[in-house]
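The structure presented is a predicted model; accordingly, all values stated were derived computationally and were not measured. All chains are named by letter (A, B, ...) in the order of the sequence lines, taking the proteins before the strands, and each is independently numbered beginning at 1.
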Amino acid sequence: MTWEVVIGLETHVQLSTRSKIFSGASTAFGAEPNRQACAVDMALPGVLPVMNEGAVDRAIAFGLAIGAHVAPRSVFARKNYFYPDLPKGYQISQFEIPVVQGGSIAIQVGEGDKAYTKQVELTRAHLEEDAGKSLHEDFHGMSGIDLNRAGTPLLEIVTEPVMTSSAEAVAYARALHALVMWIGICDGNMQEGSFRCDANVSVRRPGEPLGTRREIKNLNSFRFLQQAIDYEIRWQIEQIEDGHTIQQATVLFDPDTGETRMMRSKEDAHDYRYFPDPDLPPLVIEQARIERVKAGMPELPAAMQARFAADYGLSAYDAGQLTASLDTARYFEAVVAAAGAAQAKPAANWVMGEVAARLNREEKGIGESPVSPAQLAGVLARVADNTISNNIARKVFEALWNGEGASADAIIEAQGLKQVTDASAIEPIIDEVLAANPQSVAEFRAGKEKAFNALVGQVMKASRGKASPAQVNELLRKKLAG
Amino acid sequence: MSATIIALAADLAAGRVSAVELATEALARAQASTLSAFITLDPERTLAEARAADALRAAGSAGPLTGIPFAQKDIFCAEGWRTTAGSKMLGNFVAPYDATVVARGKAAGLVTIGRANMDEFAMGSTNENSAFGPVRNPWDAARVPGGSSGGSAAAVAAGIVPAATGTDTGGSIRQPAGFCGITGIKPTYGVVSRYGMIAYASSLDQGGPMARTAQDCAVLLNAMAGFDERDATSLQREAEDYTRDLDQPLDGLRVGVPRGWLGDGVSADVRAAVEAGIAQLEALGAKRVEVDLPHAQYAIAAYYVIAPAEASSNLSRYDGVRYGHRAAEYADLADMYAKSRAEGFGAEVRRRILVGTYVLSAGYYDAYYLKAQQVRRRIAEDFATAFSACDVIAGPIAPTVAYKLGEKTADPVQMYLGDVYTTLVNLAGLPALSVPCGFGEGGMPVGLQLIGGAFSEARLLNVAHRFQQTTDHHLRMPPAGAPGAGGAQ
């Protein structure tokens with residue numbers, strides 16, 4: 001029996017404003033409990049919310065980035081429920097009329113032959129405030145309340161139920177994560193809770209209507225998202241195959257056991273008694289404001305990817321890799337700007353290869369690379385004009401990384417790494433190598449091509465890498481033929 | 001003391017009296033009073049404010065209100081003052097910040113004599129819903145002063161202070177002003193900042209001044225009004241001088257009287273006083289016209305859906321977690337909420353929270369809340385139509401004069417029906433005032449309500465001022481021997 005999986009995601013993206021969505025208190029992470037909660041955040045009697053326009057601009061930017069309708073008029077509503085870390089007894093959110101409506105995000109799923117792309121449609125994205133935090137440990141049976149997070153601006157981004165596997169869900173979450181960081185509306189820090197996913201999962205037999213969904217709450221890593229969905233799918237299929245029916249519920253994922261467990265059933269669901277918040281007038285967004293936000297936005301990854309492919313002749317894969325983050329794309333473009341468009345392909349190889357590997361090893365972001373784009377362009381230029389080989393280029397890069405010189409040229413000069421292309425300088429080395437390796441020579445003459453490569457290697461080694469590999473090849477063949 | 005702000009300001013300016021002297025006298029009257037007009041007196045704090053006012057004057061920086069004593073309705077948060085909103089829930093709450101109205105009053109040099117008693121969270125029409133005891137009407141201690149700003153009205157009427165702040169959600173400035181024979185204006189929604197004013201029903205609440213005369217109200221409103229970036233519903237407008245038109249003649253003023261407003265629904269004594277008031281306006285050059293407010297009859301129903309709905313949400317923050325009353329013992333979180341709120345809130349507040357929760361519930365929202373909002377729009381349209389035919393609307397404030405304590409407490413609906421002439425104004429967001437226009441049954445004051453279009457405060461105050469130039473109802477004091485008036489005059 002085959003099963004179809006249906007997944008929709010709700011993602012809470014913390015917007016990168018300095019102050020809270022309805023108050024002037026700081027949103028910085030990690031302060032002492034309740035030190036970043038002002039009178040408004042604590043819901044003292046008489047206080048009122050005032051809209052943080054920066055949060056609105058970020059919502060507009062998101063709407064533009066996904067081709068959504070940015071509502072000219074949206075409405076804040078109160079979602080009423082009691083909880084100790086919800087100081088007002090209601091959360092200010094958007095309910096009937098959200099600020100961002102529709103839109104879609106392209107995802108790439110799988111690798112190799114099985115790779116495919118898919119467009120994930122979004123239902124909406126709305127502005128809301130975060131709640132505080134309840135701390136149930138360390139208080140001797142009592143609970144502590146930290147309101148620092150209360151009032152933190154969130155954009156809740158909701159997809160249609162259009163994903164059919166955990167792989168698609170993760171691909172979407174990664175694409176969304178990259179996008180919100182790309183357009184600079186979220187710091188993307190998942191450990192600090194800046195990007196949290198809820199997954200609605202249901203299964204059905206092909207051709208049947210949608211099954212009953214269960215919602216997995218608060219997944220703050222891509223790995224947990226994958227594990228939780230996979231577990232939930234297996235669990236739901238088992239339940240149905242065992243003759244049970246799925247009850248609508250909210251569940252939590254336990255990373256220690258890898259299982260989901262029920263938090264509350266539909267019967268426990270609150271009646272939130274939504275109604276328009278009388279303290280906040282409708283959010284009116286003029287076209288001029290949308291244009292202003294648009295003008296301040298970076299080129300979007302999809303557009304940049306297409307441009308890289310068209311302008312630099314890069315493959316779709318390379319263009320995709322280089323636009324994985326705005327910092328990477330900007331670094332790449334800076335290298336190309338300094339080295340010339342003709343160097344785009346080697347620049348791409350370097351950025352995705354040596355630079356990425358080196359950064360990875362030191363757990364650094366590309367923004368922190370000790371080798372600047374101009375320095376890397378200098379390396380590429382010397383490879384292009386045959387001053388150095390690719391192997392030496394890696395040496396020069398390493399030297400730049402370690403701060404041994406200010407430029408490729410300076411390092412090549414100081415360390416004497418200039419490629420030797422003078423035949424009269426290479427020939428004596430070849431002679432020495434041939435004399436010292438009669439066995440290899442004999443094997444080559446017996447038809448073993450491998451032996452030739454061994455001899456090339458010996459010559460390169462003897463020249464301390466400085467000999468031009470092409471020239472070594474040519475001269476060596478001549479000698480062996482002679 | 002029957003002196004007006006204007007008169008006291010002249011005395012202060014001339015050095016005939018100091019702010020400290022005025023405050024000391026007012027405190028003595030407040031302490032001697034048996035009206036329960038105040039929830040909290042804090043003489044040290046009052047005298048500190050008075051000294052600051054005198055210092056301001058000595059430094060040459062005094063304004064028209066510097067040193068004037070007043071009663072602050074206990075709904076405005078004021079740093080260092082216990083701020084209870086008339087509730088046991090906030091019986092121990094000392095505000096750590098100033099409401100915008102409070103900050104503006106301070107900047108003007110007003111001196112807080114005390115925190116005026118009020119119906120709990122401004123819910124009530126009699127001031128019997130205060131957790132700190134009912135306020136008495138200075139004209140007859142057996143009668144209510146009206147509400148919810150009953151303490152403010154009583155304190156001014158009794159001559160304890162020349163002025164007070166009030167708030168008006170469904171009539172809470174105008175009705176007690178009418179019941180106590182003083183003048184009070186509810187401004188256009190959004191003119192006075194609500195920041196720091198403890199919310200009852202956010203889309204209806206509006207602060208305003210209460211005083212002996214329209215002129216004093218204008219001077220006070222100058223200090224209270226103005227855009228406030230901390231209140232998103234505050235209106236961004238040029239600052240106005242509300243005294244600018246006080247002396248304008250009333251020639252040609254079209255006074256609209258809504259059809260049916262002076263019929264069987266209003267008692268004979270009130271009708272007679274209001275009719276006399278309108279006749280007086282005509283004598284001043286005004287022209288009486290009939291207008292229609294066809295949806296006014298639905299105002300009470302709409303009000304008692306919208307206000308409780310907003311209140312049920314606004315009062316959720318009083319949960320015993322961070323401040324305010326928390327039950328001494330409880331089994332778990334739900335029990336703590338239930339006990340703290342059951343103990344902290346009085347019966348009327350609990351009733352409105354229940355009603356509000358009900359009308360917002362899934363399945364009922366459309367039938368109640370949405371319908372009430374539709375009524376609200378119709379009422380606003382009615383007013384717009386009416387104001388194409390008249391400049392101000394005149395009518396009663398309430399169907400009767402102030403009634404006896406306890407008379408209507410058993411039947412909340414009867415009590416709500418008393419708001420028939422006031423709630424519609426809040427639903428439409430318009431300015432309106434109450435001006436004394438005579439006396440009715442038992443010698444009790446009767447108020448004339450004047451309603452205007454949006455931002456017509458200056459016009460309303462002008463009409464009331466001209467009216468008061470030719471009448472003396474507002475100058476009468478409660479008879480000697482009446483509670484607040486006795487002895488301390």
- Task: Answer yes when D85(A) and K133(A) have at least one side-chain N-carboxylate O distance shorter than 4.0 Å, and no when they do not.
- Result: no
What part of [X] gets closer than 4.5 Å to chain A, counting heavy atoms only: side chain, backbone, both or neither?
{"X": "Y195(B)", "result": "both"}
{"X": "F76(B)", "result": "neither"}
{"X": "I75(B)", "result": "neither"}
{"X": "T357(B)", "result": "both"}
{"X": "A99(B)", "result": "neither"}
{"X": "Y189(B)", "result": "side chain"}
{"X": "A95(B)", "result": "neither"}
{"X": "F93(B)", "result": "side chain"}

- Query: Relative to chain B, which segment of Y81(A) carries a heavy atom at a distance below 4.5 Å: side chain, backbone, both, or neither?
  - Reply: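 Neither part; nothing is under 4.5 Å.
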- Message: Which atoms of N80(A) are under 4.5 Å from chain B, going by heavy atoms: the side chain, the backbone, both sets, or neither?
- Response: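 Contact with chain B is through the side chain of N80(A) alone.
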- Task: Could you check which of N314(B), L204(B), L370(B), D319(B) has the highest count of heavy-atom pairs closer than 4.5 Å to chain A?
- Result: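 Top count of heavy-atom pairs under 4.5 Å with chain A: N314(B).
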- Message: Under a 4.5 Å cutoff for heavy-atom pairs, which residue among S313(B), S202(B), A334(B), A362(B) has the most contacts with chain A?
- Response: S313(B)
- Working to the nearest 0.5 Å, report the span between CZ of R115(B) and CZ of R82(B).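 Between R115(B) CZ and R82(B) CZ, I get 10.0 Å after rounding to 0.5 Å.
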- Is NZ or CZ of R78(A) both nearer than 6.0 Å to the six-membered ring centre of Y90(A) and within 45° of the ring axis? yes
- Message: Is there a side-chain contact (heavy atoms from CB on, under 4.5 Å) between F227(B) and E229(B)? Walk through the geometry before answering.
- Response: CA-CA 7 Å; F227(B) 173 66; E229(B) 60 182 12; 4.1 Å; yes
- Query: Side chains of L9(A) and N200(A): closer than 4.5 Å at any heavy-atom pair?
  - Reply: no
- Close side-chain approach of E96(A) to V75(A), heavy-atom, < 4.5 Å: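 Counting from C-beta outward, E96(A) and V75(A) never come under 4.5 Å.
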- Query: Within a reach of under 6.0 Å around CZ of R35(A), are more than 12 heavy atoms found that belong to other residues, nucleotides or ligands?
  - Reply: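 No.
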- Is there a ring-ring contact (aromatic ring centres under 6.0 Å, His included) between F121(B) and Y318(B) once you walk through the steps? CA-CA 11 Å; F121(B) 287 105; Y318(B) 309 112; 4.9 Å; yes
Taking [options] one by one, which has the highest count of heavy-atom pairs under 4.5 Å against chain B?
{"options": "G89(A), S143(A), P278(A)", "value": "P278(A)"}
{"options": "A43(A), G24(A), A39(A), S23(A)", "value": "A43(A)"}
{"options": "D277(A), I145(A), V50(A), D271(A)", "value": "D271(A)"}

